[in-house]
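The structure appears right after this line, and notes come after that.
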Amino acid sequence: MMWPLVLSGVRRRLAALSAIFMAAMLGAALVLLSGSLFETGIRLAAPPKRLTSAPIVLIGEPSYRMLDERGRPTTDYRPYPERHRLDPAVIGTTARIDGVAAGVPVFLLSVAGPTGTLTGQNWTSAALGPFALTEGGKPAADDEIVVTPALARRLRTAPGDTVRLADATYRVAGIAGDPDSPVTLFFTDTRATALSGDGRPDAVAVLPDPGADIDRITARIAASADGVRVLTGDQRGAAEDPAVAASRTSTIVIGAVFGGIVLVVLATVVSALISLSVRQRSREISLLRASGATGRQARRLIVAETMIVSLAGVLTGLVLGVPLTTLVFTLLTGNGIVPDMLSLSIGPLPFAVATATTLLVTWTAARVAARPALRARAIDALREADLPSSRVGSSRVGPLRWILGVLFALGTVALAVLTSLMSPALTSATSGPAVLTGSIAVALLAPAVLRAVLPLLRGVARLRAGSLAGLAVHNTRARAAETATVVTSIALVVGIGAGNLVAQSIQLQAQRDASIASIRADLVVQVPGGADEKLIHQVSTVEGVEAASAFVTSGGWIEHPYDPSHRDRPWPVRGVTADAATKVLTTPVVTGSLSGLTGDTIALPQATAETLALAVGDTLTFRFGDGASAPLRLVATYADRSGYETLLLPHRLLAAHTSSRHVPQLLITVHPENPGETRQALLSALAGTPGTTVGDRTAIETVLNQGAGVQGTVNSLMVAITIAYAAIAVVNTLGISILTRRRELALLRLSGATRRQVRTTLTTEILLLTTTGITAGLIVAAAAIIPTTTATSGTLLHPTPILTVLSLLAVVTSLIIPVTLAATHQAMRKTPAETLAIST
């Protein structure tokens with residue numbers, strides 16, 4: 001019996017329900033986006049391009065298993081910052097497994113060429129991919145190479161020609177592959193092994209016997225080989241690009257965090273819209289009660305209408321979500337945030353999750369927001385005014401909302417305090433949740449907040465409306481429950497936007513300042529093919545150069561003694577040349593000497609050494625970024641900036657444990673007399689080294705903060721999408737709030753008010769709501785900004801990126817002004833008599 005009434009209500013209120021449709025549609029699309037990113041991280045589908053003929057590929061376990069205080073493995077995993085190469089013994093172990101015909105080592109080398117960094121492989125591994133010889137022959141000597149057709153075209157070379165690569169000249173013995181083969185050059189196996197430095201292969205391709213069971217072989221390898229990840233199917237591409245495995249954590253975290261933010265915004269927006277709708281339908285609900293309907297029936301009617309519209313919005317959102325997800329993933333891959341080899345996974349699960357969560361959140365929000373319908377009275381149907389009744393439309397905040405609102409507000413304070421006490425590098429872990437809890441608190445307590453601040457805004461109202469200010473304030477106060485929806489939407493835009501973007505900007509800037517502050521060098525030399533000792537010595541002897549040091553960046557963990565300080569991330573590690581370290585770095589030595597950084601040694605920040613009870617001469621166990629572990633002797637301690645400490649290692653030792661296996665940069669300190677001439681002299685001295693460039697301190701800062709910029713881009717993109725969602729909510733709620741007051745505005749005009757006076761009163765009300773929403777949003781944002789500033793700089797004051805805040809305020813203004821004017825014009829388009837006749 002109720003469904004005809006529900007469908008009739010949907011048809012009659014289609015315009016008002018369109019806002020809920022939009023919220024559900026965008027919510028489903030964004031949840032599908034987050035779910036697809038989550039599934040992409042779980043599946044890590046990356047079809048191989050170089051190892052297409054190998055059904056099974058082995059790589060080193062890409063995640064480090066953290067140890068506890070007793071040195072026992074835990075269930076806590078962290079991605080290795082470098083490629084985890086394999087022990088050569090794995091080849092023999094795998095070959096002895098029943099059903100395995102052979103294990104082929106695969107070396108993937110970074111080689112500097114005339115046109116940039118190239119990928120090199122050992123010739124034996126060419127048979128595993130689309131690299132059949134088409135011209136010439138295979139490389140027979142260590143000074144011979146084979147190139148793919150694409151690389152031959154790029155280098156304008158043919159069999160018999162010579163090519164300069166890094167520090168050696170090679171003869172092109174042949175061309176292998178088809179025109180679509182990846183750009184690759186092939187060395188002899190002995191030359192590739194020598195270039196690898198330690199002979200550890202990047203991967204091992206397993207070739208099974210004809211007819212062998214692949215699944216059985218995979219299980220046997222996994223059981224017999226420790227520290228090895230077995231890849232099959234579309235996962236094999238992770239062997240070619242270590243960034244594929246490293247992107248698992250980032251895509252999962254992005255998907256989970258972004259999905260949580262979207263669901264919070266969805267619940268807040270839908271709840272506010274339904275609350276607004278219920279209060280505006282108070283007379284209609286009372287008429288239902290007068291005709292015999294119970295409060296529960298009225299509530300079910302509202303929920304049913306909402307769910308019908310929400311279901312239509314969800315289905316539309318799922319269709320919209322596919323191109324949106326593809327577009328966002330394309331932006332992520334195009335900016336190097338995720339590797340090109342990684343494939344987007346949009347399976348049935350993200351669709352199911354998007355549908356279920358969006359409808360569940362909408363249903364829950366509808367039931368909670370429709371609770372006032374339970375208290376509707378039949379006598380309220382006799383009211384002539386459109387002002388909410390004391391029961392259905394009361395601006396009083398109920399006990400449950402007060403309790404929840406206060407709890408979320410206290411949670412925001414607790415998170416803010418926790419953020420201020422955390423390490424600067426970890427502030428984003430709690431500052432983001434603080435913004436969310438603060439936004440929820442504002443949404444729950446918005447009517448009370450609005451009523452509390454209105455007396456303080458009378459002066460603002462007088463500036464805008466003059467003698468009409470009292471009417472504007474009275475209207476806003478009387479409709480606090482309804483108009484609080486607008487306040488909530490504006491607070492979401494400002495709070496989430498300013499809180500996340502500004503806090504992130506402060507954190508990244510502090511990180512940049514700390515990283516460059518420890519560098520004394522004036523120039524950085526980028527050497528794509530790697531700098532050897534000969535090149536370092538050559539640079540150091542250039543006229544005007546005071547000191548030249550190799551510079552390698554990586555990460556790792558101190559395993560023994562137990563180090564609790566970096567359980568969530570690896571230590572930042574820098575490799576430098578011992579003799580030049582003090583001349584290119586600003587870190588003051590406390591004990592020992594950095595000139596001792598040779599061989600298996602390490603230098604620690606003084607505070608870390610004291611925490612671990614280590615002194616110069618003691619030995620610690622260090623886990624490198626590529627998974628290798630070694631005992632290192634402490635040779636020096638130094639003062640470092642708290643929260644941004646780094647470890648120092650010999651450059652040769654650290655370079656051997658990086659994915660590229662070489663020294664990619666040199667730090668140069670020059671004499672102050674003629675820095676320009678020194679730079680030109682360096683360029684001349686390096687003219688024979690392919691791809692080498694010389695940059696200033698800005699280039700040094702870029703080198704030091706490569707990962708931070710990528711993560712900042714990801715966060716900014718996700719927050720921008722969330723802001724856009726909340727901004728649409730502002731437009732919807734504001735438009736509906738004004739358009740549903742046609743009858744009230746018509747009565748004002750019949751009582752003698754002119755169009756201009758009505759427009760002035762209405763825009764003044766919107767000004768009061770906007771001011772309250774912006775203020776509430778800035779207070780929420782402060783829960784992230786102030787603690788982040790305290791943690792990164794130790795003070796409450798910071799040159800906050802004011803441009804970001806002003807941009808957000810400009811966005812809010814650009815949304816509110818045209819929507820207010822358009823909705824006001826539409827609401828007063830007809831004469832008062834016509835409006836009242838339609839509304840009756």
Side-chain angles (χ1 to χ4, degrees), residues 47-54 104-197 201-203 205 207 236-237 239-241 339-341 526-532 534-535 659-662 664 683-693:
K49 298 179 181 179
R50 304 175 185 276
L51 306 175
T52 54
S53 300
V104 180
V106 179
F107 292 92
L108 299 168
L109 310 169
S110 296
V111 184
T115 59
T117 304
L118 306 173
T119 299
Q121 289 182 223
N122 54 313
W123 174 247
T124 301
S125 67
L128 304 171
F131 301 113
L133 275 171
T134 56
E135 295 183 48
K138 66 180 183 180
D142 287 349
D143 63 346
E144 291 183 340
I145 60 172
V146 170
V147 298
T148 56
L151 181 55
R153 291 193 300 271
R154 183 186 296 183
L155 300 178
R156 298 180 180 178
T157 188
D161 294 343
T162 58
V163 176
R164 177 75 177 179
L165 299 174
D167 61 340
T169 301
Y170 296 86
R171 189 182 74 86
V172 178
I175 297 178
D178 55 53
D180 296 327
S181 298
V183 175
T184 314
L185 57 92
F186 297 92
F187 300 97
T188 62
D189 287 358
T190 55
R191 181 58 177 164
T193 303
L195 291 174
S196 72
D202 296 283
L207 303 180
R236 292 171 295 163
E240 302 177 19
D241 187 353
D340 293 336
M341 291 193 66
Q526 300 276 10
V527 190
D532 56 14
K534 179 181 177 181
L535 182 63
S659 298
S660 64
R661 302 177 174 91
H662 60 233
L683 290 171
S684 300
L686 297 169
T689 306
T692 303
T693 60

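Annotation: ring pair (Phe, Tyr, Trp, His ring centres under 6.0 Å) contacts involving residues 134-166, sequence neighbours excluded, are absent. Applying the salt bridge (Lys or Arg N to Asp or Glu O under 4.0 Å) definition to pairs two or more places apart or across chains, none involves residues 147-157. Residues in residues 121-162 take part in these ring pair (Phe, Tyr, Trp, His ring centres under 6.0 Å) pairs, two or more places apart or across chains: W123-F186, F131-F186.
Shown here for G129 and T52, the closest heavy-atom pair between the two residues is CA-OG1, 3.6 Å. In terms of heavy atoms, G177 sits closest to P149 at O-CG, 3.4 Å. The heavy-atom pair separating T148 from S181 by the smallest distance is CG2-CB, 4.4 Å. Considering all non-hydrogen atoms of both residues, P47 and M341 come closest at O-CE, 3.5 Å. The shortest non-hydrogen separation linking V146 to P139 is CG2-CD, 3.2 Å. Of all heavy-atom pairs spanning P159 and G174, the tightest one is CG-CA, 4.2 Å.
No salt bridge links K49 with D241; every basic N to acidic carboxylate O contact stays at or beyond 4.0 Å.
Residue T692 holds its OG1 atom at 9.5 Å from CG of L683, rounded to the nearest 0.5 Å. Atom CG in L155 sits 7.5 Å away from atom CG in L165 (nearest 0.5 Å). Taking CG from L535 and CG from L686, the interatomic distance works out to 6.0 Å, rounded to the nearest 0.5 Å. Within the model, atoms OG1 of T157 and CD1 of I175 stand 7.5 Å from one another, a figure rounded to the nearest 0.5 Å. In this structure, CD1 in I145 is found 10.0 Å from CZ in R171, a value given to the nearest 0.5 Å. To the nearest 0.5 Å, atom CD of residue E240 and atom CG of residue L51 are 4.5 Å apart.
F107 is not listed as a side-chain neighbour of L195, based on a closest heavy-atom distance of 4.5 Å or more. Here the side chains of E135 and V172 are not in contact, with every heavy-atom distance at 4.5 Å or above. Side-chain atoms of V183 and L151, non-hydrogen and from C-beta on, do get closer than 4.5 Å to each other.
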Between L185 and V147, does a side chain to side chain contact (heavy atoms under 4.5 Å, CB included) hold up when you go through it step by step?
-> CA-CA 4 Å; L185 57 92; V147 298; 4.2 Å; yes
Candidate pair V106 and R50, rule side chain to side chain contact (heavy atoms under 4.5 Å, CB included), full reasoning = CA-CA 10 Å; V106 179; R50 304 175 185 276; over 6 Å; no
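Residues that satisfy the side chain to side chain donor-acceptor pair (under 3.5 Å) test with D142, not counting sequence neighbours, are T188, T190. With sequence neighbours excluded, the residues forming a side chain to side chain donor-acceptor pair (under 3.5 Å) with N122 are S125, listed by chain and number. Partners of S659 by side chain to side chain donor-acceptor pair (under 3.5 Å), not counting sequence neighbours, listed by chain and number: E82.
In this structure, T193 contributes its side chain and D189 its backbone to a donor-acceptor pair below 3.5 Å. The backbone N or O of L109 lies less than 3.5 Å from no partner atom in the side chain of R661, so there is not a single donor-acceptor pair.
Of the residues listed (E144, R164, R191), the one engaging Y170 in a side-chain hydrogen bond (donor to acceptor under 3.5 Å, both in side chains) is R191, and it is the only one.
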